[in-house]
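Below is one structure, written out as structure tokens; the observations come after it.
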Amino acid sequence: MFKFMNKQDGGIVSPIDGKCINIEDVPDKVFSTRMMGDGFAIIPSDNIVVSPVDGIIVMIPNSKHAFGIKTRSGVEILVHVGLDTVNLKGRGFEIFVKVGDKVKKNMPILKFDDNIMDEMNIDKTTMVIFTAGYNQSIKLECYDREVHRGDTLIK
């Protein structure tokens with residue numbers, strides 16, 4: 001693990017249970033080539049997504065498949081559930097927060113319906129992307145290992 005978050009941010013935890021993978025291994029060029037920013041991904045074994053950091057919710061699209069958080073120190077993080085999930089137009093997603101809400105690490109943010117995702121043959125890989133406030137390469141010790149919601153991945 002490595003340190004990059006400001007002490008007041010308190011690190012980052014896994015937002016979901018599953019297998020942690022390098023962002024380069026995500027089967028979507030927008031993410032794997034870091035077009036939106038560097039990060040990591042989890043191939044989920046669960047359907048509850050929690051906040052990976054303490055911060056404020058700054059974005060939730062109408063499709064409910066993603067959310068953006070800004071930490072106290074200004075790091076902005078996008079948590080994006082699945083590939084091509086925007087096409088579901090919110091179907092199968094339940095959001096527990098709204099833009100402007102303060103959230104704490106491990107606080108439930110959204111839930112997705114596994115059955116709908118499976119029925120639509122959607123890849124559920126969940127990306128955690130650092131979109132602003134951090135410009136270094138992200139390399140984690142958890143790659144290719146199972147992680148659990150709330151496990152500290154970055155101190």
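Only this structure's heavy atoms are used, side chains among them; waters, hydrogens and symmetry mates stay out. Note that the structure is predicted; figures quoted are calculated from it, not measured.
- Thr152 places no side-chain N or O within 3.5 Å of a backbone atom of Ile154 that could act as its donor or acceptor partner.
- How far CG of Asp17 is from CZ of Arg149: 5.0 Å, rounded to the nearest 0.5 Å.
- One finds the CG atom of Asp151 at 12.5 Å from the CD1 atom of Ile12 (value rounded to the nearest 0.5 Å).
- Distance check, rounded to the nearest 0.5 Å: CD1 of Ile77 to OG1 of Thr131 gives 8.0 Å.
- Asp114 has a carboxylate O that lies under 4.0 Å from a charged side-chain N of Lys124, or vice versa, which qualifies the two as a salt bridge.
- Put simply, the side chain of Ser32 never gets that close to the backbone of Val30: no donor and acceptor are under 3.5 Å apart.
- The pair Arg91-Asp113 does not meet the salt-bridge criterion, since no charged nitrogen lies less than 4.0 angstrom from a carboxylate oxygen.
- Note: Phe93 and Phe112 have tilted aromatic rings, judged against thresholds of 30 and 60 degrees for the angle between ring planes.
- Here CD1 of Ile60 is found 12.0 Å from NE2 of His65. Values are rounded to the nearest 0.5 Å.
- Expressed to the nearest 0.5 Å, how far CG of Leu83 lies from CE of Met117 amounts to 8.5 Å.
- Although no hydrogens or angles enter the test, the distance criterion places a donor-acceptor pair under 3.5 Å between the side chain of His80 and the main chain of Gly82.
- Side chain of Asp46 to backbone of Ile16: no donor-acceptor contact under 3.5 angstrom is found.
- Annotation: side chain of Ile56 is not in contact with side chain of Val99 (no heavy-atom distance under 4.5 Å).
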